[in-house]
Structures are given as C-alpha cells and as structure tokens.
S.K.: 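Please see the structure below; I have some questions.
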Amino acid sequence: MKPTNLRSVSASTEVSAGAASSTPTFSWDDVVRVSQPEFNPNDSSNLRGFFDKIKACNRGAELQSEFLPFVVEDQIVGYIHKGFAENLRSFEDVFILSKDNCDGGKVMLHQSLKSADDRTRAVGEVIKCLAENELIPGIRNELFPVTSSYGAPVFFSLERAAAPYFGIKAYGVHMNGYVEKDKQKFLWLGKRSLVKSTFPGMLDHLVAGGLPHGIACGENLIKECEEEAGIPRTLSSRAISVGAVSYSDIDGHRFKRDVLFTYDLKLPESFVPNNQDGEVESFKLIPVKHVANIIKRTDFFKTNCNIVIIDFLFRHGYITPECFGYLDLLQSLKSGDCS
C-alpha cells in the first residue's frame, strides 16, 4: 500500500480525541491493515505520531486561569471552572465561593462539614442534583478519594463522573499484558464495548481501571484483571509495577488531572482473555511493533491508553535514543502533576 491510503482510512475510521462519545466504525481488519509496516514504510523512526497522542491528552493549558482553586482544610484539592462554579452557589450550606481581590477567588466547603463522611454525603447530594439537571453526565456510582496528593489524607470521597468537574486528582491502574513467542513480543489489546458511555468501540489495554477510595493499587489491579480479561489471581499477582504516567487536560468545564500507575504482565502463550463484565467486545494479540504503528497512524485507541503504551515502548526498547525527540517524548509522559 502507498502512504496516501492512510488518509482515506483515517477519514472513515478514526475518532478524534475530542469526540470520546462518538461511535467509531473500524474493525479488527482495519486495525491489522493499518498496523502493517508496508502501510507506511517511511515512518519507522518518526516520533511525530506519538507526540500528537501526548498532546491530545494535555489540552487547554492556556485556559487554567478560567478555573478557581477548590480548597479543603487550606489544601488545594482541585480546580473548578468559574462557569461551573456558578451552579454551586445555590448550595450555600455545602459550598462557599469566596471572592479575593488578590488571587481571584476560590471554592471551599462549608465550615460545618468537618468530617470526611459529612462532606461525602453533602457533596454527594449536590452531585445528584446536578446530574438530574444534566450538568454532570454519566454517573458511575463509584467514589474517588479527594486528596492533595497520592497517599495524603483523604478529605472526602467524590462521585467518579464528577471528578473532572471539580478538577481533583484521579488515579488509575493500567496494565500491558504481553506474550513472547518466536523471539517477538505481542500485546493483547481489547476493543471496548459499543455500549460504554466513554470511548465506545475504541481500543484499550488488556486491563485498566480507575482507583476507587479504599482499595490499594495492587488489589485493584487483580480485581480489574478478573473482571475485564478473566485473568485469575494466580497470574495477575505476577504483574510488575513499572511506574506511572500523568497528564493534564482541560475541555470546557472539565479539568482532568490524572495519574496512571502502570504495570506489565507477561502472559503464557496459551492464555486467551475472556471478558467478564460486558465492557470489552473482543480481544486481539498484535505484535508490539505493529501496535506502535497503530498509535502513530490512527486515533483508534482510547486517548490515555496511548501514553501507557508509549511508556511500554520506551521500557522495552522499541523507542531508542537514535530517534529524534527521544528525551522530549520521554519527559512528556509525565506532563501532568505526578504526585
């Protein structure tokens, strides 16, 4: 194939980073076809496609002045868009919007809400009202911890769907499951269910999930392994913690400040994933070099998965210092506040 074919495939099958709720139309056949080296033989050492994917997760830095600090016990725990903050004014027994001539103001919790449980309950009621008015879509009924940094005291817990509207730090676990055969490495990829509320039908890691309140990273990964890929504890307990990546993305009233803890799991050749929770449509085992091509050439992946796989490519020697922009790309894997 000639490189010019890439444009026609992209136009009919790619989903842009800003259209996470759109339903893509690509198939595994499209994925395999685009991944082949001969599809575009001139991009083997070009990192531009990787930089584009990092950029897609780190939009809107110039818009941060539109957000107010969300402060609890004198600690900044998030950032709330000034426009969205207006929705909180009517809940004066829960939120206080202070105007400060020096710093432009901030959002705080009412001083009567002293315990984590009281804050969780009161803020939860507000989230419920906002959701009923379609101001916070996609309620998950899953609580995320609200803290100034990982491991710091938890001030209260917040509905997962509300996390970007309050700009809190959100944490997750992402695992690359790989196989070695014939002296070559392969990655298991998942295709998300078409009924998922976010990024339906797009490519994903073998296992990934948010980190709810009250569960450790390792135990959460084991749980997600079973639910998403049918990986038994005897295998998932062998997953190796390999670091973290981060990004900071502003989209309208949403401010995502995410840190993803990354894991690798070497799987036996005989293992075949089997989804248990209905969130994955199908799986496919693809050579790592071809997965790199998919990232560079398409928007088939859920956006933050690109960062985790690029990290994998660095650590396993698929991106080397001979590639122009090596160090810049490496540093960009922690574009957000990784704390």
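Note that the structure is a prediction, hence the values are computed from the model and not measured.
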S.K.: Output yes when a side-chain donor or acceptor of Arg297 lies under 3.5 Å from a complementary backbone atom of Val34, and no otherwise.
M.R.: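 Checking the backbone N and O of Val34 against the side chain of Arg297, a donor-acceptor pair under 3.5 Å is found.
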S.K.: Locate the shortest heavy-atom distance separating Leu194 from Pro200; write the atom from each residue and the value.
M.R.: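 Closest pair (atom of Leu194, atom of Pro200, distance): O-CB, 3.5 Å.
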S.K.: How far does NZ of Lys256 sit from CD1 of Ile168, to the nearest 0.5 angstrom?
M.R.: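 Going from NZ on Lys256 over to CD1 on Ile168, the span is 10.0 Å.
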S.K.: Are any side-chain N or O atoms of Lys334 and backbone N or O atoms of Ala244, one a donor and one an acceptor, separated by less than 3.5 Å?
M.R.: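 Yes: the side chain of Lys334 pairs with the backbone of Ala244.
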S.K.: Please determine whether salt bridge (charged side-chain N to carboxylate O under 4.0 Å, His left out) holds for the pair Arg119 and Glu73, giving the CA-CA distance in whole Å, both sets of side-chain angles, and the decisive distance to 0.1 Å.
M.R.: CA-CA 12 Å; Arg119 294 164 181 166; Glu73 294 185 17; 2.9 Å; yes
S.K.: For His205 and Val207, indicate whether the former's side chain and the latter's backbone hold a donor-acceptor pair under 3.5 Å.
M.R.: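 It does not hold such a pair.
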S.K.: Please determine whether residues Phe51 and Ile319 belong to a single hydrophobic cluster, defined as Ile, Leu, Val, Met, Phe, Trp and Tyr linked transitively by side-chain heavy-atom distances below 4.5 Å.
M.R.: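 The answer is yes; both residues are in one hydrophobic cluster.
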S.K.: Test ring pair (Phe, Tyr, Trp, His ring centres under 6.0 Å) on Phe312 and Tyr178; report intermediate values, then the result.
M.R.: CA-CA 10 Å; Phe312 181 93; Tyr178 70 99; 5.8 Å; yes
S.K.: Would you check if the side chain of Thr303 reaches a backbone N or O of Cys57 as a donor-acceptor pair within less than 3.5 Å?
M.R.: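 No, the answer is negative, given that no donor and acceptor are paired below the 3.5 Å cut-off.
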S.K.: Can you tell me if Glu159 uses its side chain to pair, donor with acceptor, with the backbone of Ala161 under 3.5 Å?
M.R.: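 A pair under 3.5 Å: yes.
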S.K.: Regarding Glu219 and Arg233, does a basic nitrogen lie under 4.0 Å from an acidic carboxylate oxygen?
M.R.: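 Between Arg233 and Glu219 there is a salt bridge, with a charged N closer than 4.0 Å to a carboxylate O.
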S.K.: In terms of side-chain heavy atoms, does Ser246 have a donor or acceptor partner in Arg257 at a distance below 3.5 Å?
M.R.: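 No donor-acceptor contact under 3.5 Å links the two side chains.
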S.K.: Answer yes when Lys266 and Glu180 have at least one side-chain N-carboxylate O distance shorter than 4.0 Å, and no when they do not.
M.R.: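 The answer is yes: the pair qualifies as a salt bridge.
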S.K.: If you compare all heavy atoms of Asn220 against all heavy atoms of Gly209, which two are closest, and at what distance to 0.1 Å?
M.R.: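 Smallest interatomic distance, heavy atoms only, reads ND2-O, 4.4 Å.
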S.K.: Between Arg33 and Asp30, does a salt bridge (charged side-chain N to carboxylate O under 4.0 Å, His left out) hold up when you go through it step by step?
M.R.: CA-CA 5 Å; Arg33 180 162 56 94; Asp30 294 318; 3.2 Å; yes
S.K.: Using a 3.5 Å distance criterion without hydrogens, assess whether the side chain of Asp182 forms a donor-acceptor pair with backbone atoms of Gln184.
M.R.: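 Checked: no pair found.
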S.K.: When you measure from the side chain of Ser248 to the backbone N and O of Asn58, does any donor-acceptor pair fall under 3.5 Å?
M.R.: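 Flag not set: sc Ser248 to bb Asn58 has no pair under 3.5 Å.
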S.K.: Mind checking the NZ-NE2 spacing from Lys82 to His253? Nearest 0.5 Å is all I need.
M.R.: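 Result: 12.0 Å between the selected atoms.
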S.K.: Would you kindly say whether Ser339 and Lys169 are connected by a side-chain donor-acceptor distance under 3.5 Å?
M.R.: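 The answer is yes; a qualifying pair exists.
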S.K.: For the residue pair Arg89 and Phe95, would you count it as a cation-pi contact if the rule is NZ or CZ under 6.0 angstrom from the ring centre and within 45 degrees of the ring axis?
M.R.: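 No cation-pi geometry.
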S.K.: Just by distance, no angles: are the side chains of Asn306 and Asn304 close enough, under 3.5 Å, to form a donor-acceptor pair?
M.R.: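 Asn304 and Asn306 do not have a side-chain donor-acceptor pair below 3.5 Å.
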S.K.: Below 4.5 Å, heavy atoms only, C-beta onward: do Lys191 and Met202 meet side chain to side chain?
M.R.: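 A side-chain contact under 4.5 Å is absent here.
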S.K.: Using side chain to side chain contact (heavy atoms under 4.5 Å, CB included) as the criterion, point out the one residue from Ile310, Thr262, Leu260 that pairs with Leu333.
M.R.: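 Per the side chain to side chain contact (heavy atoms under 4.5 Å, CB included) rule, the option paired with Leu333 is Ile310, out of Ile310, Thr262, Leu260.
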S.K.: Would you check if the side chain of Arg192 reaches a backbone N or O of Phe199 as a donor-acceptor pair within less than 3.5 Å?
M.R.: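 Judged by distance alone, yes, a pair lies under 3.5 Å.
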S.K.: Which heavy-atom pair separates Ile215 from Leu211 by the least distance, and what is that distance?
M.R.: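 Closest approach of Ile215 to Leu211, heavy atoms only: O-CD1, 3.5 Å.
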S.K.: Evaluate Leu189 against Trp28 for side-chain contact (heavy atoms from CB on, under 4.5 Å), listing each step before the verdict.
M.R.: CA-CA 10 Å; Leu189 305 182; Trp28 281 119; 4.0 Å; yes
S.K.: Could you tell me whether a side-chain N or O of Lys53 sits under 3.5 Å from a main-chain N or O of Thr298, the two making a donor and an acceptor?
M.R.: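 Yes, Lys53 side chain to Thr298 backbone: donor-acceptor pair under 3.5 Å.
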S.K.: Any idea how Phe26 and Phe300 line up, ring-wise: parallel (<30°), tilted (30 to 60°), or perpendicular (>60°)?
M.R.: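 Because their plane-to-plane angle is under 30°, the rings of Phe26 and Phe300 count as parallel.
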S.K.: So which atom in Phe144 and which in Gly210 form the shortest heavy-atom distance, rounded to 0.1 Å?
M.R.: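 Taking Phe144 first and Gly210 second, the nearest heavy atoms are CZ-CA, 3.9 Å.
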S.K.: If you take all heavy atoms of Phe301 and Val291, which pair is closest and at what distance?
M.R.: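 Where Phe301 meets Val291 most closely, the heavy atoms are CZ-CG1, 4.1 Å.
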S.K.: If the plane angle is over 60° it's perpendicular, under 30° parallel, otherwise tilted; pick one for Phe261 and Tyr150.
M.R.: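 Phe261 vs Tyr150 ring planes: tilted.
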S.K.: Is it true that the side chains of Asp258 and Tyr247 contain a donor and an acceptor less than 3.5 Å apart?
M.R.: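 Judged by distance alone, the side chains do pair up.
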S.K.: Starting at OH of Tyr326, measure out to OG1 of Thr320 and round the result to the nearest 0.5 Å.
M.R.: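 Spacing of OH (Tyr326) from OG1 (Thr320) equals 7.5 Å.
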S.K.: Where is the tightest heavy-atom contact between Leu206 and Pro273, given as atom of each residue plus distance?
M.R.: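 Heavy-atom minimum between the residues: CD1-CB, 3.8 Å.
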S.K.: Do we see a donor-acceptor contact under 3.5 Å between the side chains of Ser115 and Asp118?
M.R.: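 Yes.
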S.K.: With Phe166 as reference, evaluate Phe255, Phe84, Tyr79 under the side chain to side chain contact (heavy atoms under 4.5 Å, CB included) test and give the passing residue.
M.R.: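 Output: one option passes, namely Phe84.
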S.K.: So, Arg254 side chain and Gly167 main chain: donor-acceptor pair closer than 3.5 Å or not?
M.R.: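 Checked: no pair found.
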S.K.: Got a salt bridge between Lys223 and Glu228, using NZ or NE/NH1/NH2 to carboxylate O under 4.0 Å?
M.R.: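 Judged by the 4.0 Å cut-off on N to carboxylate O distance, Lys223 and Glu228 do not form a salt bridge.
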